[in-house]
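Report on the structure given below.
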Amino acid sequence: MSTYINGILQSIKQSNGDGVFLQAATEVLQSLEPILKAEKKYQNHNVLERLVIPEKTSIFRVVYTGDDGKAKAHFGYRVQFNSALGPYKGGLRFHPSVNLDVLKFLGFEQIFKNSLTGLMMGGGKGGSNFDPKGKSDAEIMRFCQAFMLELSKIIGANTDVPAGDIGVGGREIGYMFGAYKKITNLFNGTLTGKNISWGGSLVRPEATGYGCVYFAYEMLKKAKQSLEGKTCAVSGSGNVAIYTIEKLQELGAKAVTISDSSGFVYDKNGIDLELLKEIKEVKRGRVSDYAKLRKGSVYTEVKKYTKGTNGVWSIPCDGAFPSATQNELNLNDIKTLYNNGCRFVAEGANMPSTLEAINFMLDKKDFLFAPAKAANAGGVATSGLEMQQNAAMTQWSFKEVDEKLHRIMKDIFFNTYETAKEFKYTGNLVVGSNIAGFKKVADAMIDQGYI
């Protein structure tokens, strides 16, 4: 690692601490060395020093009334990281783990991911340490309205367009959009992930999962392999996991695992998709409920995991799709997967693999790795397509949107692959995705001057 890059990382550590933002910046900046050596303009214009600092960061208090009649207070955040390519674009996360470090990491990743889609979107992220789990619809509505009372001051259809993320689905987007409309007297495309009957896009719930599988399909195809007949381990049980499983099944693969924060389920016969949707999307239940209803499936609690591992990765498989959260796949996990025959990983979640796990995968000549920045871009790509439909006051069919999504993911793969090849890192899609995403943003930043 060059002295130049090391100096920037050290400055991040001094100002931000040793957290996930530093991890994300380390992964990106280290892989940019080839282009920094080849093109001196980026260092001459101090692009990296500017790129790692958000353009604007908002922290605000959110106060609402709980069902018990008492005032509740939470942190609200919006990190508007980079607008060189268009309006800030990135999800809102409601989860107890949300803090500024997590949102800076997510917003930073979003810059490059959005760049890779080819759509005109900048990078941002936001959310709150509010937890929707166990709350009534009325309490969630009051929180969303209070949150939007502050957020509405800094977002807009041509300024900053939030979407959903962990803890923020169609219900929460609906409550926030209603509040935004009431506060601003505007009905526009300021939020994406809306209900299909009032401005949403078909395929949006499916997009991240579908997109990840489309990317894996293209990656395997390039290696003269196929998804058909493959057994796959999938983590998580939210939108990303559910629709990863759905698309895997459509393409002839078998998904055998799901998980949540309490444990994981192994279903050797393949996950029953309709049962999973009923439990998670209708009843808002846990994966343990799936095991109670699905004969032959086995549930393992977190407390029974081998120390330092994630149990879902102990199941033998051909490929793995981490679709839950950051750093859920560590070095011990990938070694277990590899020793059990797994030969590819496609990341559906944001930064689900640790740096040590990523380096292990990249060092293996017989292993294929699809990094999140490229592989899980389908969600934001379809959000961009929703913005296009809103701007034109129209709505496309499911088939139209799905075909556009597949085309975007195919283009991302080939852009990533060819960029890695151009810089003599053939097959290294981490280097390829980071350089391809960076170059477009960095050139725009240079064109637009020192702002």
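Predicted model only: the values in this text are computed from it and were never measured.
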Side chains of [Y] and [X]: any donor to acceptor distance under 3.5 Å?
X: E49; Y: Y4; answer: yes
X: D101; Y: N16; answer: yes
X: N434; Y: E27; answer: yes

Residues forming a salt bridge (charged side-chain N to carboxylate O under 4.0 Å, His left out) with E301, sequence neighbours excluded
none
List for me each residue that meets salt bridge (charged side-chain N to carboxylate O under 4.0 Å, His left out) alongside E139, sequence neighbours excluded, and say none if there are none.
none
Hey, does the side chain of [X] reach the backbone of [Y] with a donor-acceptor pair shorter than 3.5 angstrom?
X: T26; Y: L22; result: yes
X: Q80; Y: I154; result: yes
X: K89; Y: V161; result: yes
X: N332; Y: T309; result: no
X: E172; Y: G169; result: yes
X: K72; Y: V63; result: no
X: D260; Y: S237; result: no
X: D289; Y: R286; result: yes
X: S323; Y: A349; result: no
X: S201; Y: R204; result: no

Charged N-O contact under 4.0 Å between D318 and K230:
no
Can K439 and E422 be counted as an ion pair, charged N to O under 4.0 angstrom?
no
Please name all residues satisfying side-chain contact (heavy atoms from CB on, under 4.5 Å) with [X], sequence neighbours left out, ordered by chain then number.
X: A84; answer: N82, V441, A444, M445, Q448
X: N339; answer: none
X: A346; answer: C212, A216, F321, A370
X: N359; answer: none

Among T208, T325, N376, the one residue meeting side chain to side chain donor-acceptor pair (under 3.5 Å) with N350:
N376
Find out whether the Lys NZ or Arg CZ of K135 is both under 6.0 angstrom from the six-membered ring centre of F130 and within 45° of the ring's axis.
yes
Check whether NZ of the Lys or CZ of the Arg R343 lies under 6.0 Å from the centre of the six-membered ring of Y338 and within 45 degrees of that ring's axis.
yes
State, with a plain yes or no, whether a side-chain heavy atom of [X] is found less than 4.5 Å away from one of [Y].
X: S128; Y: V98; result: no
X: V102; Y: S97; result: no
X: T336; Y: T306; result: no
X: Y305; Y: S314; result: no
X: L103; Y: L106; result: yes
X: Y42; Y: L32; result: no
X: E328; Y: W313; result: yes
X: T419; Y: F438; result: no

Residues two or more places apart in sequence or in another chain: which of them pass side chain to side chain donor-acceptor pair (under 3.5 Å) with [X]?
X: K404; value: none
X: S58; value: none
X: E347; value: S353
X: Y64; value: none

Would you check, one step at a time, whether the test side-chain hydrogen bond (donor to acceptor under 3.5 Å, both in side chains) holds for E218 with Y417?
CA-CA 10 Å; E218 298 297 341; Y417 184 88; over 6 Å; no
Before you tell me yes or no, could you show the steps for L276 and E246 under side chain to side chain contact (heavy atoms under 4.5 Å, CB included), namely the whole-Å CA-CA distance, both residues' side-chain angles and the distance that decides it to 0.1 Å?
CA-CA 11 Å; L276 177 60; E246 181 166 283; over 6 Å; no
Acceptor/donor pairs from residues 264-273 side chains to any protein atom, 3.5 angstrom cut, sequence neighbours excluded:
unit_1	atom_1	unit_2	atom_2	d
D267	OD1	N269	N	3.2
D267	OD2	Y290	OH	2.6
D267	OD2	R294	NE	2.7
D272	OD1	E274	N	3.2
D272	OD1	L275	N	3.1

Mind listing the closest non-hydrogen atom pair of S31 and P34 along with its distance?
O-CD, 3.3 Å
Considering all heavy atoms of both residues, which atom of L116 and which atom of A374 are nearest to each other, and what is their separation?
CD1-CA, 4.0 Å
Quick one: CZ on F367 to CZ on F369, what's the gap to the nearest 0.5 Å?
8.5 Å
Give the intermediate values and the outcome of side chain to side chain contact (heavy atoms under 4.5 Å, CB included) for residues I258 and I245.
CA-CA 9 Å; I258 50 174; I245 292 168; 3.6 Å; yes
According to ring-ring contact (aromatic ring centres under 6.0 Å, His included), who are the partners of F112, at least two apart in sequence or on a separate chain?
F108
